[in-house]
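The next block holds one structure in the form of structure tokens; read it before the comments.
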Amino acid sequence: MARKLIFAALLFILIIAGSVVSMADEDNNAVINNNTNIEIPLEADGNALNNFTVNIPEYEAAASGTENAADESYSAEAVLEKYGSLFFDEEVQSDIEFISIINIEHDGKSKNVGDYVISALVSNEADLDYDESLILMIFIKKDNKFELLTDPVEGYAWFLTKVSCPNIGKDNPNHIRFIVFPKNNYKNLELNVNLQITDMEHVIIAPSKPWEKVKKSLLNMQQSLEYLFNKINESE
Amino acid sequence: MRLSNAELKKSILMIFLFLLCFFQMGILWSEKNPGVLFSFSHNARGNDFVDIDEVKENYYRPKAILISSGKGDLYWKLDSKSNLYRSIWNDFKDSYLSQIIQSKPSILDKDYEQSWEYLSRMKSIIVEFEYQIPSGVIYWMENLDTASLSAVSNIYKIAIHPSEDINNDKNTLYVYDGSNVYKYVVTIKQGNMKKEDYIKAIETAVENESVVPMNRLITYNPITDRQDLLVCLSDEERKIWDLLLTTPDKIVLKKDNIDAVQDYLLDEYKGSMVSKWSEDGSNIIFSDPDKVYRYYNNGLLEYQYRNKENVEKGRVEEALEEALTFIEYRRRDLIEGAEIILSDISDKGRYYAFTFDYVVDDMKVKVLRTRTGTVEPAIVINAVKDRVLDAKWYVKTFANNDYSNIYNLSFFRFYERQFIREYPELRNQRVISDVSNEYLFSDIGTRAEPFWLIETNMNKLIFIGMQGEE
């Protein structure tokens with residue numbers, strides 16, 4: 001009986017010892033504190049590294065303040081309703097240039113031939129404060145009406161937005177209208193003062209379908225054969 | 001006296017349980033590593049032989065393997081952990097690099113073949129290195145005989161055009177050394193990826209889940225002069241952990257640990273060295289007539305060879321071997337959780353400078369010097385053919401910290417939301433020369449966090465913390 005008790009006690013002691021060792025240092029902080037190394041642990045959100053990035057608190061405050069003030073009442077729908085007649089006047093074009101269109105590139109990640117990425121830059125002509133943003137609206141003309149091609153976007157320096165152009169084929173260009181204005185001025189938009197309206201035509205060439213390629217090559221073969229026979233006839 | 005059957009079973013069970021307990025204790029002991037009161041393990045360490053040939057290939061690998069969509073500005077960057085990345089890189093290490101370096105290039109008979117710009121825009125797979133690797137280093141890394149001289153002096157980028165050669169066992173490679181293009185038709189050997197696998201990888205890149213779409217920045221915004229600068233412009237996201245960086249326990253600088261520090265960080269002649277603590281106790285100097293080591297309590301190890309005037313420069317691969325031996329001899333049993341890769345080789349006239357970086361999850365880990373506010377690589381070694389002349393190394397071990405977040409990798413989003421707001425004077429200025437995402441850690445801290453690093457053509461490095469999801 002005594003042997004059994006000793007055995008059971010020994011087993012418990014070893015199990016407890018094992019448990020103590022396994023639970024010894026799960027907490028990383030404990031490791032650091034035991035370490036006499038004088039490195040300074042940094043808090044997760046008290047990020048000391050951020051001290052080295054250049055922050056401009058005044059600007060941040062101004063920017064957020066301005067944005068909040070503008071956001072309070074700005075709505076794209078209200079602007080469209082108020083300035084619809086100006087925005088959608090077919091004849092109107094502006095001389096002022098807040099943005100310049102850099103590129104309309106096919107969205108390589110999409111298999112849809114009409115999906116494009118439009119890139120536009122705020123031009124030097126736009127004398128904006130650092131906290132001032134621009135609103136870009138992109139419309140497409142369908143059945144003599146302008147429709148939003150994508151949601152209006154806000155930007156400070158660079159616009160990069162995806163659109164899906166509906167018209168494909170060289171006889172069926174996409175008539176795109178860009179409307180740009182400083183967000184802070186949305187209450188008093190005036191053409192050539194604080195409003196840019198620029199039209200652009202974008203033609204999408206549809207890739208050849210497989211049967212068209214076959215047809216084209218058959219035609220080429222036919223022409224080549226005709227040419228060959230003609231030559232043979234001429235030589236005879 | 002004979003034991004009864006039941007007694008025998010009990011005894012066997014008892015012995016088995018005892019053994020199990022001892023095994024468990026042993027496993028836990030080694031896992032938690034509380035150390036031992038005597039230091040026989042350190043003494044044994046000095047006799048360990050460092051076989052550089054076995055480990056040297058771990059120090060070099062491509063900066064990126066990209067699949068060119070053939071659309072001019074869209075590329076797909078492979079994850080270095082993906083099977084495709086590993087298979088392509090294995091083909092290069094096992095076969096293609098040695099074929100390139102040992103054979104003569106083919107004649108470039110088409111006009112476009114001389115333009116790297118054009119070749120890299122065609123449907124292809126592009127292997128990009130971070131720096132121009134001298135052919136001597138390739139010879140050494142690939143264990144080749146250096147008797148024959150290579151036609152190409154450096155290898156910077158390689159474009160694989162699998163569809164070009166009609167033979168199924170041939171692959172066409174265009175090698176770019178930074179200024180010229182060389183064409184090689186290499187043999188696809190047994191064990192290499194088949195030609196149709198390369199073609200399929202290009203055709204199906206868009207469906208591959210382990211790729212990140214990259215675009216030429218200059219196509220969308222001319223804020224750079226570099227035609228080959230690629231950035232991610234779509235809303236790709238990635239979970240990134242903050243890192244916990246500590247000086248390895250074994251070499252923490254304290255009075256009662258000097259023997260261990262010497263064992264791990266000095267060379268085999270440490271017995272003749274004189275040690276001297278600094279007045280503030282923040283560092284210790286070990287010196288002899290030939291060399292000086294200074295080791296700081298933040299894990300920084302500085303080394304200098306005194307007689308720099310009387311050294312022979314030698315070949316770059318000889319100097320690299322010395323640099324790698326310096327690291328390998330010291331890193332074992334100390335550094336965990338990060339790879340060390342060779343990031344740059346530069347010829348400084350009388351010696352070669354090698355820059356190494358720690359890499360965790362494909363992101364470099366660099367040091368932010370508190371005093372100067374500058375970003376520096378973690379390891380810089382100057383070496384010649386038979387010795388290291390100078391070394392500066394933050395000896396750290398790595399683990400995930402207590403914080404992670406989901407970060408957006410879109411450069412456009414970063415530019416609009418962070419860069420322009422912090423540097424409004426650089427709005428749409430043509431100043432950017434490089435863009436990367438890397439970890440930075442303060443030289444007096446233990447946390448590394450992900451940053452955007454923007455190099456400008458005014459020799460200025462801008463670093464801004466990546467903003468995670470709220």
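Sequence lines set the chain letters: A, B, ... in the order given, protein chains first and strands last, and positions in each chain run from 1.
Contacts between residues 110-118 of chain A and chain B, counted as heavy-atom pairs separated by less than 4.5 Å, involve Lys111(A), Val117(A).
Proximity to chain A is absent for every atom of Phe419(B), based on heavy atoms less than 4.5 angstrom apart. Contact of Leu233(B) with chain A is made through backbone and side chain together, with heavy-atom distances under 4.5 Å. For Phe412(B), the parts sitting under 4.5 Å from any heavy atom of chain A are the backbone and the side chain alike. There is no contact between Gln429(B) and chain A, counting heavy-atom distances below 4.5 Å. Proximity to chain B is absent for every atom of Ile13(A), based on heavy atoms less than 4.5 angstrom apart.
For the atom pair His106(A) NE2 and Ser69(B) OG, the distance stands at 10.5 Å (nearest 0.5 Å). A distance of 8.5 Å separates CG in Asp107(A) from OG in Ser234(B), rounded to the nearest 0.5 Å. To the nearest 0.5 Å, atom CD1 of residue Ile223(B) and atom CH2 of residue Trp158(A) are 5.5 Å apart.
For the pair Arg427(B) (side chain) and Tyr156(A) (backbone), a donor-acceptor distance under 3.5 Å is present. Between the side chain of Glu416(B) and the backbone N or O of Gly155(A), no donor-acceptor pair lies under 3.5 Å. With hydrogens and angles ignored, the 3.5 Å screen pairs a side-chain donor or acceptor of Asn428(B) with a backbone N or O of Ala157(A).
Heavy-atom contacts from other residues, nucleotides or ligands closer than 6.0 Å to NZ of Lys9(B) number 12 or fewer. No more than 12 heavy atoms of other residues, nucleotides or ligands sit less than 6.0 Å from atom CG of Asn124(A).
You'll find the side chain of Pro424(B) stays beyond 4.5 Å of the side chain of Asp131(A), heavy atoms only.
Contact tally against chain A (heavy-atom pairs below 4.5 Å) for Val206(B), Leu74(B), Asp73(B), Thr219(B): the top residue is Thr219(B).
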